[in-house]
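Counting convention: from 1, in listed order, for ligands and their atoms alike.
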Amino acid sequence: MKKYVWAGLAALLISLSAQAKDVKVSDAWSRATAPGQDAGMLQAVITSKKDAKLVGASSKACASVELHSMVTEGGMMKMRQVEAIDLPAGEAVDLGAQGYHLMLIGLKKPLKEGKKVAVTLQLRQADGKMKKVKVSAKVRGMTDSKPQAKHEHMEQHKEMTQHEHMDMHEKMQH
Ligand SMILES: [Cu+2]
């Protein structure tokens, strides 16, 4: 009888570790927030072995997490909530590079540089299976550059790298 229990346990462990490898998350990071700042953002590179969609996320650090994209409309940069972000099989999807970010809304306390923020991603695979993936994102320091007027921001927008872009983004009203 004991043998079967161990065999069962081993099978369970193997299936758990196989599952864990289905989705790989790397380069997860967030940005320190100022006291009173309601929202933070999070970036990550997600690789799913199977076709999937990122459909949501949650964190104990904040009230809710939304998936956002950034779009330019009539010269104005706006954030839009999106329902899902495609994760084609085997492709390393860099959220930031694709104009996406996770928005941590209703922060319970400011995000401090050097700390980590834990977020659980929710993926829906093409076969309908839901998958939760825990991510620990490193909190990077706030940018040193001063907030700029909006028109200056827009002029410089094109020349900014993605990371600089995100710095600017956090200073905008959400
Ligand atoms: Cu946003």
**Prompt:** Between atom CE of Met70 and atom CD of Gln98, what is the distance when rounded to the nearest 0.5 Å?
**Reply:** 13.0 Å

**Prompt:** Do the side chain of Thr120 and the main chain of Val133 share a donor and acceptor less than 3.5 angstrom apart?
**Reply:** no

**Asked** Taking 2.8 Å as the cut-off, does an N/O/S atom of Met79 lie below it from the Cu ion (ligand 1)?
**Response** yes

**N, O or S of Met41 under 2.8 Å from the Cu ion (ligand 1)** = no

**Gln81 atom CD, over 12 foreign heavy atoms within 6.0 Å** = yes

**Worked check of side chain to side chain contact (heavy atoms under 4.5 Å, CB included) between Leu42 and Val65** = CA-CA 10 Å; Leu42 191 138; Val65 181; over 6 Å; no

**Request:** Provide the atom name of the closest N, O or S atom of His68 relative to the Cu ion (ligand 1).
**Result:** ND1

